[in-house]
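Convention: sequence-line order gives letters A, B, ...; per-chain numbering from 1.
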Number of protein chains: 2
Amino acid sequence: MSSSLSTEEKIKAAAKQVFISKGFSGCTSRELAKASGMNVALVNYYFRSKNKLFQLIFQTVMEEFFESMVSVFSSDLSLKEKLKFLIEREYAFLAKHPEIPRFIINELSRKDTDLIELTHVLPVIYNTGVIEQAIEAQKKGEMRRVDMVGITLLVISNCQYPFLAKPLIKNLHNLSDEQYQQHLELHKGMVSEMIISYLFPPVPKPNKK
Amino acid sequence: MSSSLSTEEKIKAAAKQVFISKGFSGCTSRELAKASGMNVALVNYYFRSKNKLFQLIFQTVMEEFFESMVSVFSSDLSLKEKLKFLIEREYAFLAKHPEIPRFIINELSRKDTDLIELTHVLPVIYNTGVIEQAIEAQKKGEMRRVDMVGITLLVISNCQYPFLAKPLIKNLHNLSDEQYQQHLELHKGMVSEMIISYLFPPVPKPNKK
DNA sequence: TATTGTTTTAAACAATTGTTTAAATTAAGT
DNA sequence: ACTTAATTTAAACAATTGTTTAAAACAATA
């Protein structure tokens, strides 16, 4: 099935899996090679070095990571609906790629790695007009005055952490995979309701001039 | 100053730092030795192997990690006050040890490591009586019916994630350390208010028989 | 078929890995 | 002071690391 891919693609796909689940320092060149059914020399023939291959993978993972987020902001919805939708999307993405937050956080925390620039991501979000939408809502007193960093933190904390901490919580509360899955589903609803009702308080304080 | 410690203690202290910031697979035996001012043979003389030393460190880190949490539950406070206090404590702990969540989550996620038992932690929390306190409050309709896993997730998601994701958020929003520090302080207040008002809705629904 | 250039392989490279050895030094007890 | 045990050191061990080499196999074109 994967033999329809080129050697280069096969290596890239396998390396992505291995890097994501074990991290840069958690795997070897030979492991990357074997995972794609190739040998070490072949990996370096196409990608020059383990590090070059890693940088490439990391870049693509980051793009996938922000992709769905941005697409929600660009949609034609009210702010409250966007938030609800964003949380749904995040949970869906994380259900498919539960290891990615740990991967990103880890590799960005490495002090010995080449700096990775993410500054181009924020302008993309700004250009969707979601910021103006928020400022508008805040002026009207419909939305609590929380800045972009605060909102980002609120949303992704509650979405990503439950996936990040799965081994911790499972171990702590002695849960099976199925049980944890159920808790996740339950938690999604709670998180959505909690964040929405916090950012959009049910009784809006009148804010007229 | 650290020369007052025994060789064994010096190695343990240095190894703790190195393991926490770089992870098990992110550092070498010689790095552990050098960090304590000793040599490789000395590390293995006292701790047999890199892996044995790691298991020891991990165990103590986990204990420190749960220590302050449990102490809050044992205190003589109302549930709402305990929650507020817990969040304060968590933020204070994480400000001192910002790398510990990443360390724990990472090492618990490793598939090639020896399983680590945490089941003894939960009984300790149960014995503080906080569970009965919660069930009581829920029966009276003062508290939303969320189980222990849900509460745990709510609290530590919002406490730990902002520290976990510091490199990500800093990079994303182009923030200095000082700016991020300010955001953290702000966020602590938000999180506290949000969780409390979610778990203890301002207008309690009457639940009499 | 002969001649390209591209892809793949097996083997080797020096450097680094975790761990061990055996000798040297220090400390303690008699 | 002598003996014994505990500590520390430098050096070595085999295995593994990332990377490179040079030859082989393959494909495309003439």
Side-chain angles (χ1 to χ4, degrees), chain A residues 1-59 61 103 106-107 110-116, chain B residues 1-59 61 103 106-107 110-116:
Chain A
M1 46 187 247
S2 65
S3 45
S4 65
L5 297 168
S6 71
T7 300
E8 192 175 347
E9 292 297 327
K10 272 193 251 182
I11 295 174
K12 221 195 283 188
K16 190 173 160 188
Q17 280 307 110
V18 175
F19 275 140
I20 286 177
S21 78
K22 315 242 257 173
F24 179 79
S25 66
C27 69
T28 69
S29 299
R30 280 161 184 81
E31 190 178 353
L32 294 168
K34 192 163 280 180
S36 58
M38 307 295 152
N39 60 49
V40 236
L42 223 29
V43 173
N44 277 16
Y45 171 72
Y46 283 105
F47 303 97
R48 304 287 307 264
S49 72
K50 182 192 176 189
N51 194 51
K52 285 256 170 57
L53 174 55
F54 174 81
Q55 298 295 337
L56 190 76
I57 300 288
F58 189 80
Q59 188 70 32
V61 169
F103 173 66
N106 265 325
E107 302 300 341
R110 267 172 52 209
K111 288 168 181 64
D112 53 344
T113 192
D114 308 342
L115 267 235
I116 290 140
Chain B
M1 46 185 251
S2 64
S3 45
S4 66
L5 297 168
S6 71
T7 300
E8 191 174 347
E9 293 298 328
K10 272 194 251 182
I11 295 174
K12 221 195 283 188
K16 189 174 162 188
Q17 280 308 110
V18 175
F19 274 140
I20 286 177
S21 79
K22 316 241 261 174
F24 178 80
S25 66
C27 69
T28 69
S29 299
R30 281 160 183 82
E31 191 178 350
L32 294 168
K34 192 163 280 181
S36 58
M38 307 295 152
N39 59 49
V40 236
L42 224 29
V43 173
N44 277 15
Y45 172 72
Y46 282 105
F47 302 97
R48 304 288 307 265
S49 72
K50 182 192 176 189
N51 194 51
K52 286 256 171 54
L53 175 54
F54 174 81
Q55 298 295 338
L56 190 76
I57 300 288
F58 189 81
Q59 188 69 31
V61 169
F103 173 66
N106 265 326
E107 303 300 342
R110 267 172 50 208
K111 287 165 184 66
D112 52 345
T113 191
D114 308 343
L115 267 236
I116 291 142

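When rounded to the nearest whole Å, the span between CG of B:N39 and C1' of D:dT7 equals 11 Å. Atom P of nucleotide D:dT16 and atom CZ of B:R30 are separated by 16 Å, given to the nearest angstrom. We find that OH of A:Y45 is positioned 8 Å from P of C:dT8, with the value rounded to whole Å. For the pair B:K52 NZ and C:dT19 P, the computed distance is 9 Å after rounding to whole Å. Atom NZ in A:K50 sits about 19 Å away from atom P in C:dA15, given to the nearest Å. If you take CG of B:N44 and P of D:dA6, they are 19 Å apart, rounded to a whole angstrom. Taking atom CD1 of residue A:I11 and atom C1' of nucleotide D:dG18, one finds them 15 Å apart after rounding to whole Å. Between the CZ atom of A:F47 and the P atom of D:dG18 there is a distance of 16 Å, given to the nearest Å.
Here the side chain of A:K50 pairs a donor or acceptor atom with the backbone of A:C27 at under 3.5 angstrom. For the pair B:K111 (side chain) and A:S21 (backbone), a donor-acceptor distance under 3.5 Å is absent. Judged by distance alone, with hydrogens and angles left aside, the side-chain atoms of B:E107 form a donor-acceptor pair with the main-chain N or O of B:F24 at under 3.5 Å.
Checked against a 6.0 Å centroid threshold, the rings of B:F19 and B:F54 count as neighbours.
Among C:dT17, D:dT21, D:dT19, the nucleotide with an atom closest to any side-chain atom of A:A41 is D:dT21. Each of C:dT9, D:dT8, D:dA10 was ranked by its minimum atom distance to the side chain of B:L42; first place goes to D:dT8. Considering only side-chain atoms of B:S49, the nucleotide from C:dT19, C:dG18, C:dT7 that sits closest is C:dT19.
Closest-nucleotide positions on DNA chain C for A:Y46 and A:V40 were compared, and the one nearer the 5' end corresponds to A:Y46.
OP1 or OP2 of C:dT8 has at least one side-chain nitrogen or oxygen of A:T7 nearer than 4.0 Å.
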